[in-house]
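Below you'll find the structure, written out as structure tokens, and then a few comments.
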Amino acid sequence: MKNNIRVERAIKDITQADLAEAVNVSRQTINTIESNKYVPSTVLALKIARVFGKPLEEIFILEEGD
């Protein structure tokens, strides 16, 4: 699964720490999600999408084989 978190953060001009605080996780968690090393829970993915004001599918993209 890919994600556009880094791009969306740049658009909103927020840091990983800002996003982490908004969704109540550590900055390291945001970093591992952005790096595609960790797949967030459904609840966390929905919270992240809400911060950006976009549908979940615009933030997280299923790849072939997922």
Side-chain angles (χ1 to χ4, degrees):
M1 179 166 72
K2 295 186 336 181
N3 69 71
N4 295 322
I5 295 173
R6 187 170 281 125
V7 172
E8 295 296 333
R9 280 194 311 98
I11 291 168
K12 282 192 76 121
D13 193 30
I14 62 173
T15 66
Q16 287 182 341
D18 294 333
L19 178 57
E21 186 176 328
V23 297
N24 203 30
V25 297
S26 70
R27 185 202 57 79
Q28 291 85 352
T29 298
I30 298 301
N31 182 271
T32 57
I33 294 169
E34 277 188 11
S35 303
N36 296 313
K37 295 177 185 170
Y38 174 72
V39 176
S41 69
T42 305
V43 171
L44 179 53
L46 288 166
K47 286 180 179 180
I48 291 169
R50 181 179 288 167
V51 168
F52 297 123
K54 298 212 171 166
L56 188 66
E57 296 83 8
E58 287 188 26
I59 308 296
F60 296 95
I61 301 100
L62 278 178
E63 296 181 290
E64 207 119 341
D66 280 347

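The first residue of the sequence shown is numbered 1, and numbering continues consecutively from there. The shown structure was predicted, so the numbers you read here are calculated from the model rather than taken from an experiment.
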Handout entry: Side chain to side chain, Val23 and Ile30, heavy atoms closer than 4.5 Å
Key = yes
Scanning both residues in full, the closest heavy-atom pair of Pro55 with Ala49 reads C-CB, 4.3 Å
Separation between CD1 (Ile5) and CD (Gln16), nearest 0.5 Å, reads 9.0 Å
Going by atom type alone, with no hydrogens or angles, which donor-acceptor pairs under 3.5 Å involve a side-chain atom of residues 57-66 and a protein atom two or more places apart or on another chain?
from	atom 1	to	atom 2	distance (Å)
Asp66	OD1	Met1	N	3.3
Asp66	OD2	Met1	N	2.8
Asp66	OD2	Glu63	N	2.8

Ser41 meets the side chain to side chain contact (heavy atoms under 4.5 Å, CB included) criterion, sequence neighbours left out, with Val43, Leu44
In short, salt bridge (charged side-chain N to carboxylate O under 4.0 Å, His left out) pairs touching residues 16-36 with sequence neighbours left out are Arg6-Glu34, Arg9-Glu34
For this session: Check the pair Ile48 / Ile33 against side-chain contact (heavy atoms from CB on, under 4.5 Å), numbers first and verdict last.
Result: CA-CA 11 Å; Ile48 291 169; Ile33 294 169; 4.2 Å; yes
Exercise. Is there a donor-acceptor pair under 3.5 Å between the side chain of Lys12 and the backbone N or O of Val51?
Worked result: yes
Practice prompt. Is it possible for you to say whether Leu56 and Val39 belong to one hydrophobic cluster, with membership spreading through side-chain heavy-atom contacts below 4.5 Å?
Written response: yes
Across all chains, not counting sequence neighbours, the salt bridge (charged side-chain N to carboxylate O under 4.0 Å, His left out) partners of Lys54 are Glu8
field: Thr29 vs Ser26, side chain to side chain donor-acceptor pair (under 3.5 Å): CA-CA, chis, key distance, verdict
entry: CA-CA 5 Å; Thr29 298; Ser26 70; 3.0 Å; yes
(Q) Could you check whether any side-chain heavy atom of Phe52 comes within less than 4.5 Å of a side-chain heavy atom of Ile14, counting everything from C-beta outward? (A) yes
